[in-house]
Visitor: 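Sharing a structure, written as C-alpha cells. Questions coming.
Excluded from the calculations below are hydrogen atoms, water molecules and symmetry mates; all remaining heavy atoms, backbone and side chain alike, are included. Since the model is a prediction, treat every value here as computed from it, not as a measurement.
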Amino acid sequence: MSRIFDDALLQTQSDAKTRRKLQDQRRMAYRRAIEHYAEQCQLQRELADFPDLQTNQRHAA
C-alpha cells in the first residue's frame, strides 16, 4: 500500500512542479509584454520630440 501512496505523492509533486512552471512561464510572458509596451511608449515619447521627422515619414510612405 505504501507503493501506491508513494506513486500518488510523486504524481502530486510532479503536477505541482508542472503547474508552477506553467505559472512562471505565463508570468514571464506577461512581464515581457509589459516591458515591450513600456518600451513602445518611451519610443513614442521620444519620437514626439521630433514631429518634423514623423510628418516626413508619413509623406514618404
Visitor: Just do the side-chain contact (heavy atoms from CB on, under 4.5 Å) check on M28 and Q25 with the steps written out, would you?
Guide: CA-CA 5 Å; M28 289 305 297; Q25 288 173 345; 5.9 Å; no
Visitor: Counting heavy atoms not belonging to R31, are there more than 12 under 6.0 Å from its CZ?
Guide: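 For R31, atom CZ is not crowded (no more than 12 foreign heavy atoms under 6.0 Å).
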Visitor: Let's go through E46 and Q42 carefully: what are the C-alpha distance in whole Å and the side-chain angles of both, what is the deciding distance for side chain to side chain donor-acceptor pair (under 3.5 Å) to 0.1 Å, and is it a yes or a no?
Guide: CA-CA 6 Å; E46 290 174 6; Q42 178 65 31; 3.0 Å; yes
Visitor: Ion pair present between D24 and R27, side-chain N to carboxylate O less than 4.0 angstrom?
Guide: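 Salt bridge between D24 and R27, a charged N being under 4.0 Å from a carboxylate O: yes.
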